[in-house]
**Student:** 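Sharing a structure here in structure tokens format.
Reminder, nothing fancy here: chain letters follow the sequence lines and each chain counts from 1.
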Protein chains: 2
Amino acid sequence: MKIKNLHDLEIFVLTADSGSLSAAARLLELSPAVASASLKRLEAELGMALLLRSTRSLRLTAEGERLLPAARLALAGLKDAVEEISTGRQVIRDHLQISMPSDLGRNQMLGWLDEFLTRYPEVTLRIQLSDRLADIYRQPVDIAIRYGTPADSGLVALPLLPGNRRVLCASPAYLARHGSPASPAELTQHNCLRYRLGDEVHERWQFFRDGEETSVAVSGNRVSDDADAVRRWAVAGFGIASKSLLDLVPDLQSGRLVRLCPDWSGESAPLSLICADRRQLSPTVALLREHLRQRCEETVANGI
Amino acid sequence: MKIKNLHDLEIFVLTADSGSLSAAARLLELSPAVASASLKRLEAELGMALLLRSTRSLRLTAEGERLLPAARLALAGLKDAVEEISTGRQVIRDHLQISMPSDLGRNQMLGWLDEFLTRYPEVTLRIQLSDRLADIYRQPVDIAIRYGTPADSGLVALPLLPGNRRVLCASPAYLARHGSPASPAELTQHNCLRYRLGDEVHERWQFFRDGEETSVAVSGNRVSDDADAVRRWAVAGFGIASKSLLDLVPDLQSGRLVRLCPDWSGESAPLSLICADRRQLSPTVALLREHLRQRCEETVANGI
DNA sequence: AATTACTTTCAAAAATATTTTGAAAATAAA
DNA sequence: TTTATTTTCAAAATATTTTTGAAAGTAATT
């Protein structure tokens, strides 16, 4: 191995990143002369120029350009390994593009993802909010979180909260004005806030109690294709919504919403983490899934 | 970064590999005292013991065990990068399990793979000879080279020699004894060496000339499921074979076999590189494919 | 056009680090 | 018990790196 000094390599990377030897020296709290000597040494060891420098500007040579990613990788790999060994915690360095449902994503999952990023600081995320499963193909995402089970057998669905169901809810203000329905059948007397997924409006609401099953065709003056908008309408007292229990837990706990007909439960709304391929089940995805699964279960357990 | 010296890291890896500081020192042509000091330094930098040493034996600590793979990776990565930059040649470090047809594999492709390994010395191969496509699932292979196009749409087939066809051939000795067929129809008068793939014996041989098409039901006293065996029978003068032109080039060039009815060509026998998944199309596979494709084309071009 | 504020680099001295050397202590094998 | 080999040590000899102060160059500003 021609390269002797990891420190020199680090200075090279930092110099390339910051665009100046002095800046790199400042970052490492070294004198500029040290940084200069270090780079000179590295170039001498390799027998090639890495950075073309004039007194006021720097440019990577073709060789430097090609060494840079390998240097980064080696430094990060060793740094992570030492970190893992001394702290006993695993370091993961990855990037994920995630698509999430609009309501759950905006209101709860963002916080859970923040926790994940705090625990694994070298992970970066790109988040998109969408309720449509089809978007998983159109958008460049690695994983999607969705309600319902995908019909497409080419997709892999990992359950996050398989037992989740829709439930009825409304704000105390609405109930004070219009009364509370004693059974699902009375929904026809109420303004029902409906949700549209693609072309289909969810306006025949099903309900289950023990073995019993019933369904009601509901109507009302508001339909939205954004699940978060429907929830906000309900909180604002515009009517009754049928929504995933998981989405509602914060509002139920705070009292902004009240659960109706609690002895009845609505349609099954299993939450899954979906990816296009079992091979994309990277360690990062597995860790994220476990984290989200725990949070989902805690949430419904606390918010019965 | 706590680790300063790449040389120390190299000594650590070599010591772990060779089981002794002195042995590592000998490999690097250093004095044992240097190796000892180097390891001591590395352990001091990390603040942890990596190797437990008594005067006559070594053992990795748990920490050393975990640092070792990262150290190897960093050293190899940097070494490869420097090598690539200074030679301008790409270094790939990979392992491939390959399944190949028995005849082509044994007689020509092994040589082509040797060339590939010489060019990319850090690649290792494991080779299996099989003519059956189904084996790609049973055997743990990364890629398979096969004649014919796979019916299974889950497989990805990359053409190596799409225009390849079967042709008729026999040894000069056989032809001296039994004469040469003037047209495919006369094959019924000859001992035809047949090939069996799975349950199916290839005994209806098709032929094409311009727009014209004919087929002949052949018979004979020998059938084998090994394509190489069929070729050997033909060389030994036991009859007429219908085989992939690519397989026959060396025998046709050397005169061990003679092509019959050269104005007719047999069934299409496209050669493809097959892998289970487009994601398995690693850079290594792409390079290998291009290498084999060139060799196949050269071979048939030289052996018309 | 001159000034300012910064850059990179240098050379010599000073400070650190590493290697050599020879010897000591330890241990597995002969 | 002897022998050969291991690891490690301490002191001296080398080698390397950093400090320091100065020089030379350049982009932006006055």
**Student:** Could you check how far CZ of A:R59 sits from C1' of C:dT8, rounded to whole Å?
**Tutor:** 16 Å
**Student:** Starting the side chain at C-beta, find the nucleotide from C:dT21, C:dC10, C:dT8 nearest to A:A33.
**Tutor:** C:dC10
**Student:** Could you check how far CG of B:L39 sits from P of D:dC9, rounded to whole Å?
**Tutor:** 12 Å
**Student:** When you check the phosphate oxygens OP1 and OP2 of C:dT9, does a side-chain N or O of A:S36 lie under 4.0 Å from one of them?
**Tutor:** yes
**Student:** Output the rounded distance in Å from CD (B:E29) to C1' (C:dT19).
**Tutor:**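 Interatomic distance, CD of B:E29 to C1' of C:dT19: 16 Å.
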**Student:** Treating B:Q128 as the side-chain partner and B:S99 as the backbone partner, does any N or O pair qualify as donor plus acceptor under 3.5 Å?
**Tutor:** no
**Student:** Taking C-beta and beyond as the side chain, do B:L46 and B:I3 meet within less than 4.5 Å on heavy atoms?
**Tutor:** yes
**Student:** Establish, with yes or no, whether the OP1 or OP2 oxygen of C:dT18 is under 4.0 angstrom from a side-chain nitrogen or oxygen of B:R41.
**Tutor:** yes
**Student:** Would you call B:R295 and B:E115 a side-chain contact if the rule is heavy atoms closer than 4.5 Å?
**Tutor:**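 Counting from C-beta outward, B:R295 and B:E115 do come under 4.5 Å.
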**Student:** Compute whether any side-chain donor of one residue and acceptor of the other, for A:D247 and A:Y147, lie under 3.5 angstrom apart.
**Tutor:** yes
**Student:** Give a yes/no answer on whether the side chain of B:S31 brings an N or O atom under 4.0 Å of OP1 or OP2 in C:dT20.
**Tutor:**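 Affirmative; the distance criterion is met.
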**Student:** Nearest whole Å is fine: how far is D:dA15 P from A:N5 CG?
**Tutor:** 18 Å
**Student:** Verify the contact: side-chain N or O of B:K40 to OP1 or OP2 of D:dC9, cut-off strictly under 4.0 Å; return yes or no.
**Tutor:** yes
**Student:** In whole Å, I'd like the distance from the CG atom of B:L58 to the C1' atom of C:dA26.
**Tutor:** 14 Å
**Student:** By the definition side-chain contact (heavy atoms from CB on, under 4.5 Å), identify the one residue from A:I98, A:L96, A:D142 that meets it with A:V285.
**Tutor:** A:L96
**Student:** Measure CG/B:L21 against C1'/D:dC9 and give the value in whole Å, please.
**Tutor:** 14 Å
**Student:** Nearest-Å distance, CG (A:L28) to P (D:dT19)?
**Tutor:**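 Going from CG in A:L28 over to P in D:dT19 covers 12 Å.
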**Student:** Indicate whether OP1 or OP2 belonging to C:dT8 is found under 4.0 Å from a side-chain N or O atom of A:S22.
**Tutor:**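 Yes, A:S22 has a side-chain N/O under 4.0 Å of OP1/OP2 on C:dT8.
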**Student:** Side-chain N or O of A:R26 less than 4.0 angstrom from OP1 or OP2 on C:dT7?
**Tutor:** yes
**Student:** So which one's nearest nucleotide on DNA chain D is more toward 5', B:S20 or A:V34?
**Tutor:** B:S20
**Student:** Atom CG of B:L30 to atom P of D:dT7: distance rounded to whole Å?
**Tutor:** 13 Å
**Student:** At under 4.0 Å, does any side-chain N or O of A:R53 touch on OP1 or OP2 of C:dT9?
**Tutor:** yes
